[in-house]
4 protein chains.
Amino acid sequence: MKIGLIGLGRMGGNIARRLMKAGHQVVVYDRSAEAVEKLAGEGAIPASSLDDVRGKLDTPAIWWVMLPAGGPTEDTIAAIGEGAKAGDVVIDGGNTFYKDDIRRAKGLADKGVHYVDVGTSGGVWGLERGYCMMIGGDDDTVTMLDPIFDALAPGLGTIERTPGRIAGQADPRAEKGYIHAGPAGAGHFVKMVHNGIEYGLMQAYAEGFDILKSKNSDKLPEDERFDLNMTDIAEVWRRGSVISSWLLDLTAIALAKDGELNGFSGSVADSGEGQWTIDAAMEEKVPANVLTASLFARYRSRIEHTYGDKILSAMRFGFGGHVEMPQ
Amino acid sequence: MKIGLIGLGRMGGNIARRLMKAGHQVVVYDRSAEAVEKLAGEGAIPASSLDDVRGKLDTPAIWWVMLPAGGPTEDTIAAIGEGAKAGDVVIDGGNTFYKDDIRRAKGLADKGVHYVDVGTSGGVWGLERGYCMMIGGDDDTVTMLDPIFDALAPGLGTIERTPGRIAGQADPRAEKGYIHAGPAGAGHFVKMVHNGIEYGLMQAYAEGFDILKSKNSDKLPEDERFDLNMTDIAEVWRRGSVISSWLLDLTAIALAKDGELNGFSGSVADSGEGQWTIDAAMEEKVPANVLTASLFARYRSRIEHTYGDKILSAMRFGFGGHVEMPQ
Amino acid sequence: MKIGLIGLGRMGGNIARRLMKAGHQVVVYDRSAEAVEKLAGEGAIPASSLDDVRGKLDTPAIWWVMLPAGGPTEDTIAAIGEGAKAGDVVIDGGNTFYKDDIRRAKGLADKGVHYVDVGTSGGVWGLERGYCMMIGGDDDTVTMLDPIFDALAPGLGTIERTPGRIAGQADPRAEKGYIHAGPAGAGHFVKMVHNGIEYGLMQAYAEGFDILKSKNSDKLPEDERFDLNMTDIAEVWRRGSVISSWLLDLTAIALAKDGELNGFSGSVADSGEGQWTIDAAMEEKVPANVLTASLFARYRSRIEHTYGDKILSAMRFGFGGHVEMPQ
Amino acid sequence: MKIGLIGLGRMGGNIARRLMKAGHQVVVYDRSAEAVEKLAGEGAIPASSLDDVRGKLDTPAIWWVMLPAGGPTEDTIAAIGEGAKAGDVVIDGGNTFYKDDIRRAKGLADKGVHYVDVGTSGGVWGLERGYCMMIGGDDDTVTMLDPIFDALAPGLGTIERTPGRIAGQADPRAEKGYIHAGPAGAGHFVKMVHNGIEYGLMQAYAEGFDILKSKNSDKLPEDERFDLNMTDIAEVWRRGSVISSWLLDLTAIALAKDGELNGFSGSVADSGEGQWTIDAAMEEKVPANVLTASLFARYRSRIEHTYGDKILSAMRFGFGGHVEMPQ
């Protein structure tokens, strides 16, 4: 198929490459002419503007927008929508809030344009491993796009099949590494929860390693300490333990380089998905203590001392005369 | 009554004063001769050693130990116990772990010595307001000590009576400000949970004020900010709101001095009771998310960056190439 | 002053009464003619419709809307706004989301109409104790309304003054029990956080009493149990302890009636403010573990078994052959 | 090597089998003669008592105890210790609290007997996949036992090597699936934290699936619902996503059978390790909100309504007249 790819950052560039490798034609555009040129050198059809992309696409035109969520994606999709014709397809592969998808899909549907949201997991490893995709949109459009998703997904590969999963009865897409989750918005909703879970998994490992590392430290009396080796612990857990995972593999890689992780500041960013997941939990009245605590741990990592901590100190001074003065 | 008071720190000294004001005789001893002398100047009977105290007490001897929990209390009670006679009473008014009370009471009971544990709340305000006391021990001993507790407790005072509390049916001690909670250990158990709750209440206010204060801050776009006055907010909540409390009164006092609380570092200490409360919750399989999060917030306030935070950064670098480098 | 009061439920009716007691004239309207008639019998000016209220008010007209947040309030304020003239004032005394206040205030300002949001705490006790109020709006309007707020607030009363609060330098409103928190929305914002804190305080007590109560239970081996008296513990903590508060007073009242609380189901509702407080925390990137856990505890109280719990059981069965079957 | 294996439950039996497959001789004993007989039929040397085992072992005798933690393990190791000679080795492969290991190791060291603790992960899959082992004990003894651990561990197998892990510099044991974590107790300490992390990972998935499942439910207005397929979502996340893991594989297996998980009650058990992990965190003053919330979620899953929930309802009734009555 022929597809217009807007946004050639780390994710967009690799998606173009994986599509071309599978024989698809990719018209590429990015604000950076350099990025466009680079992909053109690898076989992509270069374009110098959205209009230029449009002119180089077939009918119906298929667009894949791979830009930062929020303004850049919103504006680009609006611009594409204005020039779109009935039957065209606009795919948002970024990290858009699912309610924005629902709104956009409604707006484009009035013109007969199909909107598809694709939540994409796999990070910088996707080029090699393939991307895990969670897709929202109408049935016919998703079915039409199957060759695209098939090219990007990991495929069956070497991952063992799930016992009890009955080929022929279940949708075969899931085993290839993508699903049609539901109507517009459903793809990004599932991806959002995926990221919420990711935060929780990461924080569980983080706390565990913290407890291990502190067992070596002078927080404890000398005769209660061990001298545990973080690098070897991460490695051994990869092999036959209940908590083996890809995130643990990544941890083991980092710890193999430096068990102290001195290269990292300990200030941890968060993207919108963690927060939106908690919003969804609250809308549904679902308790989500772990996912929330994981998000809050990241907030806290970026604050030296909270005003709340000072309120505590002030109270302690008030009732007990405890003084917790500036150091 | 005549009572030997061991430990003349902030709490012990004021307890002596409040007892003397009620007409009790207090034999005082402290490692610091200066502290002993000072209390003697206010009417106490000075003593120069535990043996000296013993010699100056009546039969049965009544001891009140008011020392830091752990070693100091443990050793002193052991020393008192060694010289004690059947019928003597040893009161631990400090912050002892309730299982230590149970163990000690058993040991002393073999010699016919009575052990009483008194959890004491009120802090530096106790001299004036009286102490709220939660008491463990056998019935006869606690009843014998009623005059002592009566002198230390706030009494009915100006605090409104609880509607529905029926005088004559309920134990009148509670309205005076002390209770006989149960056998040895029960007093410190109730006090321990009291402190666990205290942590939770404090953290609830802390988080609320944090949310208010951050609403003024450049964490938000300028047109989403307010300019809220922390001092006035604490004050107004004291008056007719659902969340009025003594801890809020203390907060209002601190904020009346400085709404920024610049005098406080934001590193917040914790004593054993918070931790023991969580231990008790786990023994009983009771979920206690709020009390635990309150304790952990204090731990976190004393750490610049956790190793766990670095683990998070390392994973993020692993899957997304995000770099969270030392600043 | 003359004021139109729309909504004569538990809160609205008592606000009318307190205003009349202070000499203000109140034009009352409610969907229920019966409620209007009742207030009329107590001295209010009855009205049969919003238009009727308008006809009976002075110029500028002052409206106090006291209706359930959401639809009822939204629609009523829209209707009032349509007929309003420049200089009129519309007060929303309900539990409106503060961003709705900001939106409404902008809309009404185009017509020269002043919008004031009043977060009101005090519940069913307000008639007697007075209402603690947090107010958003423009300076001139709030100043004009001072006599109204003064009548509703508790006033200095018997609550001790905060040491260090300097009369003449600080806004005297706070000591009377109300504050002008900032522009439209600021009142409900502060009230929202107030309720978030309220959830946290309540859950701290709840967990503490749970730990106390479970210490009596057969969850523990017999020789580790106590026989703690919840009624007396709540009572004694009211007297001189660090955790005394109005919420504890209410707990003591309930426990004086029945220490087992058999009359309560244990399913606990939550209103919007708890959730909005977490939203605000997330917008500001403020960690709020305690307030969030308090909200989630209420969600959980209304669910028999979560799907998440079954996911846990399914995993446990998967790796360990543990069977947690339907009971 | 020749080894005495005490306890032929699910874990012990499979350990015997895996050892025999590697050519080791295993003397087996269990309270159940039937279990002994069964293993004897598969090539093990049957024994009828601990003394009988001892008689059939070489010098030094090597014992592997694989019994439930607590009493059974404690008593058996005490009995073995009484008859042991200098140079003998006692291995505890169960889920013992690491402080018990430290105590036992000291006791046995007085007789020259070596104590080794082995934390074992892998569950019912271990026979086939091999066991991941975390080992505490003295260097010489662990080195002597290498052939045993080598036989039980998964070995390099098909799991990719960690980039950056330099063969020849790092301990090669970790890549085979076992580590010598430190002195006695260190093995079970690392295993304990492993299980703490396991709880956190599981709860993260549980909350995520709960949020997905509730998005389908009538908790939401009809036009906000999706119709998400839990079975396919679990499957697709196994393939290229950031959150792929062995626990997710197990979840996918369960969901492939029944997306509703109707066969599970939702009451989830917890073993000691989760609680001990929190104890360790508190000893080290490490915040561990996620691991704790995971443990508490399991407690909560086994309670219909908490007393704490009723306390909340009682307060709400007190200040607002809200009635949350028994249903």
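Predicted model, so just to flag it, every value in this text is computed and none were measured. Every chain is numbered from 1, with letters handed out A, B, ... down the list of sequences.
- Closest of all the heavy-atom pairs between A:Ala181 and A:Val190 is CB-CG2, 3.9 Å.
- Most heavy-atom pairs under 4.5 Å with chain A, from the set D:Trp246, D:Trp237, D:Tyr205, D:Tyr131: that is D:Trp237.
- Among A:Tyr98, A:Trp276, A:Phe97, the one residue that satisfies the ring pair (Phe, Tyr, Trp, His ring centres under 6.0 Å) test with A:Phe189 is A:Tyr98.
- The only member of D:Arg165, D:Arg173, D:Lys176 that meets salt bridge (charged side-chain N to carboxylate O under 4.0 Å, His left out) when paired with A:Asp232 is D:Arg165.
- Both the backbone and the side chain of A:Ile253 come within contact range of chain D, with heavy atoms under 4.5 Å apart.
- Only the side chain of D:Leu220 comes within less than 4.5 Å of a heavy atom of chain A; its backbone N, CA, C and O stay farther away.
- Heavy atoms closer than 4.5 Å to chain A are found in the side chain of D:Met134, but not in its backbone.
- Interface with chain A: from residues 293-302 of chain D, residues D:Ala293, D:Ser294 qualify, criterion being any non-hydrogen pair under 4.5 Å.
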For the pair D:Arg239 and A:Leu156, evaluate side-chain contact (heavy atoms from CB on, under 4.5 Å) and give the outcome as yes or no after the intermediate values. CA-CA 8 Å; D:Arg239 304 186 169 274; A:Leu156 263 169; 4.0 Å; yes

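- No option in A:Val118, A:Asp146, A:Leu152 other than A:Asp146 meets the side-chain contact (heavy atoms from CB on, under 4.5 Å) test with A:Tyr178.
- In terms of heavy-atom pairs under 4.5 angstrom with chain A, the leader among D:Asp227, D:Leu291, D:Asn289 is D:Leu291.
- Annotation for D:Ser121 and A:Ser241: closest pair OG-CA, 3.5 Å, computed over non-hydrogen atoms.
- Counting heavy-atom pairs under 4.5 Å between each of D:Arg238, D:Lys257, D:Glu160 and chain A puts D:Arg238 at the top.
- A pairwise comparison of heavy atoms in D:Trp125 and D:Leu250 identifies CZ2-CD2, 3.7 Å as the closest pair.
- Per-residue heavy-atom pair counts under 4.5 Å with chain A were compared for D:Asp249, D:Thr231, D:Val236, and the maximum is reached by D:Val236.
- Contact of A:Thr277 with chain D is made through backbone and side chain together, with heavy-atom distances under 4.5 Å.
- Every pair passing salt bridge (Lys or Arg N to Asp or Glu O under 4.0 Å) that includes a residue from residues 193-213 of chain A is listed here, sequence neighbours excluded: A:Lys213-A:Glu260.
- Here A:Ile211 is the residue among A:Asn195, A:Ile166, A:Leu248, A:Ile211 with the most heavy-atom pairs under 4.5 Å with chain D.
- Taking each heavy atom of A:Glu235 and D:Thr162 in turn, the nearest pair found is OE1-OG1, 2.7 Å.
- Taking D:Leu201, D:Val286, D:Val193, D:Ile102 one by one and counting their heavy-atom pairs under 4.5 Å with chain A, the maximum is reached by D:Leu201.
- Contact of D:Lys99 with chain A is not made at all, since no heavy-atom distance falls under 4.5 Å.
- Options D:Gly130, D:Gly200, D:Ala153, D:Gly208 differ in how many heavy-atom pairs under 4.5 Å they form with chain A, and the most are formed by D:Gly208.
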